[in-house]
Amino acid sequence: MEKQMLRATLSKLEQLGELEVCNVEVDPKYELGAVLRYFENEKPILFNRVKGYDMPVVGGLYGNRELYYMMTDTTPEERIFKYMNAIANPQPAKLVSNGPIKENIITRNIDIQRMLPVPTSHEKDASSFITAGMLIVREPETGYTHMAVRRFQVHKGNIINALISGHSPALREQFAEFEKMNKPLECAVVLGYDATFLLASQIGSRKYGLNKYEVDSALRGEPLELVKCHSVDLEVPAYAEMVLEGVLVPNRREVEGPFGELMNYYGDVAPNPVMEVRTIMHRNNPIFQHAFPCREEHLANGLIREAELYAALKNMVDVKDVNITVGGGCRLHAIISISKKKEGDGKSAILGALGAFYDIKHVVIVDEDVDIYNVKSVEHALASRVQASQDVVIVPGALGSGLEASHVARGVTDKMGIDATKPLGEKAHFYEMAVIPGFEGKIDIQKYFPGMKK
Ligand SMILES: Cc1cc2nc3c(=O)[nH]c(=O)nc-3n(C[C@H](O)[C@H](O)[C@H](O)COP(=O)(O)O)c2cc1C
């Protein structure tokens with residue numbers, strides 16, 4: 001029985017009745033993505049017939065918050081503590097001698113476009129893009145394995161090139177050192193993983209010293225099973241679908257983009273590092289993993305940031321929950337509930353949240369009686385608890401997200417926080433909510449209208 005990675009995920013989704021199977025032929029150019037986008041990337045879909053290829057494609061796997069909780073065995077209430085606990089208490093992974101990923105090993109005539117059903121998503125995309133690939137390198141100082149999702153534009157033959165944003169010491173700085181010595185950097189791209197592996201990958205490198213494979217083992221409650229790669233000195237999950245092994249080539253760049261990405265805009269077009277794929281390992285009957293760019297599939301990134309933001313704010317205020325919203329690309333907007341103890345707590349939370357991550361642009365701080373996952377509830381707080389001249393904080397000209405259009409257009413980002421908490425003390429009575437005694441949230445409507453659906 002499969003216990004880790006994509007096939008275990010597909011079995012679980014099938015048991016839950018959450019896997020949609022498409023047996024109609026779809027074109028990997030535009031059509032497959034259009035079907036995923038119809039469901040806003042929240043529905044896992046297995047496309048069994050992909051035009052021009054024998055390999056099925058799966059997408060929409062990790063874009064639904066509730067499903068994500070189920071796949072990582074947690075609940076909305078517990079998840080932040082579970083994720084923080086795994087970050088604080090990493091557990092060893094396990095190296096095994098063999099695994100299904102080694103069932104097929106290809107070292108010759110590698111032609112990515114011909115061999116893999118890599119989808120093209122948008123009109124102006126420069127090519128097809130591998131969007132869910134987990135790039136693996138070895139961290140130089142600790143020897144840990146470093147992983148992060150990076151997108152790869154497919155060029156001719158065995159050449160793909162990577163977008164590497166952010167500040168990744170394990171990758172960016174290490175590669176810069178290798179380039180000075182004109183040395184290739186060994187790497188691998190893993191496809192066909194599970195929600196736990198993805199979540200662990202999304203911890204930022206700034207948390208230096210963390211071994212993401214060990215965070216994965218802590219999250220899954222059992223060791224992540226790894227095998228050695230065929231041609232590079234790296235370890236990869238034994239149960240993954242496919243691994244592309246090779247090197248980042250020193251001092252060579254290919255233009256990457258355009259690519260329809262975060263918030264549905266085309267991002268920057270720039271020369272980016274090139275990977276030469278030298279070996280492909282794959283399971284028998286492999287399934288190609290795709291993530292339609294770049295909507296809800298960033299959820300995993302947001303989920304980890306929620307835990308990190310919670311931990312950062314815990315030292316300042318009595319934080320209750322954090323929602324990094326899908327509408328803000330799972331990066332730019334945070335809604336945070338607190339139990340306000342002192343006047344000023346709302347503003348402190350704003351300062352903490354805007355300072356914690358460069359790409360958080362707007363934050364709203366609410367009291368704990370507000371449902372931060374319900375737009376109506378948040379808007380209610382904005383409408384009735386905010387006076388702009390007193391409650392809005394604007395920080396002009398900060399560093400923002402390089403993936404956000406208005407930042408790219410201007411080069412800096414204005415950050416804004418809204419304190420939508422009620423005042424404490426004698427003015428609190430203005431905010432008393434009207435209730436119906438004995439019935440708040442618990443009326444049994446079928447008692448009055450038998451058979452009526454709730
Ligand atoms: C589906 C998906 C696609 C992503 N694509 C990219 C990408 O193309 N380039 C990039 O630098 N980060 C991308 N990310 C974000 C990184 O994987 C993430 O920020 C990670 O935490 C970076 O790790 P690091 O800080 O250790 O380098 C993507 C994340 C997800 C979930």
Side-chain angles (χ1 to χ4, degrees), residues 33 36 41-42 58-65 68 83 87 119 121 125-126 129-140 142 144-154 160-176 185 187 189-213 215-216 248 256-263 266-270 272-273 275 289-308 324 326 329-332 357-360 401-404:
L36 288 171
N41 230 29
E42 292 206 15
V58 69
L61 282 171
Y62 304 126
N64 178 302
R65 192 179 265 270
Y68 215 111
Y83 300 163
I87 292 170
S121 303
D125 285 2
F129 282 79
I130 300 171
T131 51
M134 188 72 73
L135 181 62
I136 311 284
V137 293
R138 174 105 42 221
E139 293 196 18
T142 56
Y144 293 160
T145 316
H146 176 269
M147 60 165 163
V149 184
R150 315 284 181 192
R151 72 167 188 246
F152 295 88
Q153 181 173 332
V154 178
I160 56 181
N161 75 336
L163 175 81
I164 301 162
S165 61
H167 321 274
S168 178
L171 188 54
R172 268 190 115 112
E173 292 169 20
Q174 182 180 192
F175 185 49
L185 178 63
C187 62
V189 178
V190 177
L191 285 159
Y193 45 79
D194 58 20
T196 304
F197 193 70
L198 175 58
L199 200 62
S201 78
Q202 294 305 294
I203 298 163
S205 275
R206 285 152 293 163
K207 300 234 167 268
Y208 184 69
L210 265 187
N211 183 336
K212 297 191 194 187
Y213 276 7
V215 176
D216 170 295
L248 288 180
E256 200 262 1
F259 177 71
E261 53 165 285
L262 193 71
M263 315 296 287
Y266 288 101
D268 246 0
V269 177
N272 270 309
M275 177 177 171
Q289 183 188 350
H290 178 58
F292 185 82
C294 264
R295 296 171 183 233
E296 292 78 4
E297 95 281 3
H298 272 279
L299 180 67
N301 196 274
L303 290 175
I304 281 293
R305 275 150 195 253
E306 286 172 1
E308 290 181 344
I324 299 196
V326 168
C330 295
R331 274 177 183 255
L332 308 174
F357 296 106
Y358 65 86
D359 46 8
I360 291 195
S401 165
L403 298 174
E404 194 264 302

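Ligands are counted one by one from 1 in listed order, and the atoms in each one are counted from 1 as well. Only a predicted model underlies this, so the values are computations on that prediction, with no experimental measurement involved. The figures that follow rest on heavy atoms only: side chains count, while hydrogens, waters and symmetry mates do not.
- Residues R65 and E42 are not paired through a salt bridge, judged by the lack of any N-O separation under 4.0 Å between the basic side chain and the carboxylate.
- Shown here are the salt bridge (charged side-chain N to carboxylate O under 4.0 Å, His left out) partners of R150, two or more places apart in sequence or in another chain: there are none.
- Shown here are the salt bridge (charged side-chain N to carboxylate O under 4.0 Å, His left out) partners of D125, two or more places apart in sequence or in another chain: there are none.
- Considering only residues two or more places apart in sequence or on other chains, F152 meets the ring pair (Phe, Tyr, Trp, His ring centres under 6.0 Å) condition with none of them.
- At a 4.0 Å heavy-atom cut-off, the residues surrounding ligand 1 are T131, H146, A148, V149, R150, R151, L163, I164, S165, S168, S201, Q202, I203, G204, S205, K212, E297, H298, N301, R331, listed by chain and number.
- Ion pair R331/E404 not flagged as a salt bridge, since none of the NZ, NE, NH1 or NH2 atoms sits closer than 4.0 Å to an Asp/Glu carboxylate oxygen.
- Figure legend: R305 and F357 shown as a cation-pi pair, the cationic atom lying under 6.0 angstrom from the six-membered ring centre and within 45 degrees of its axis.
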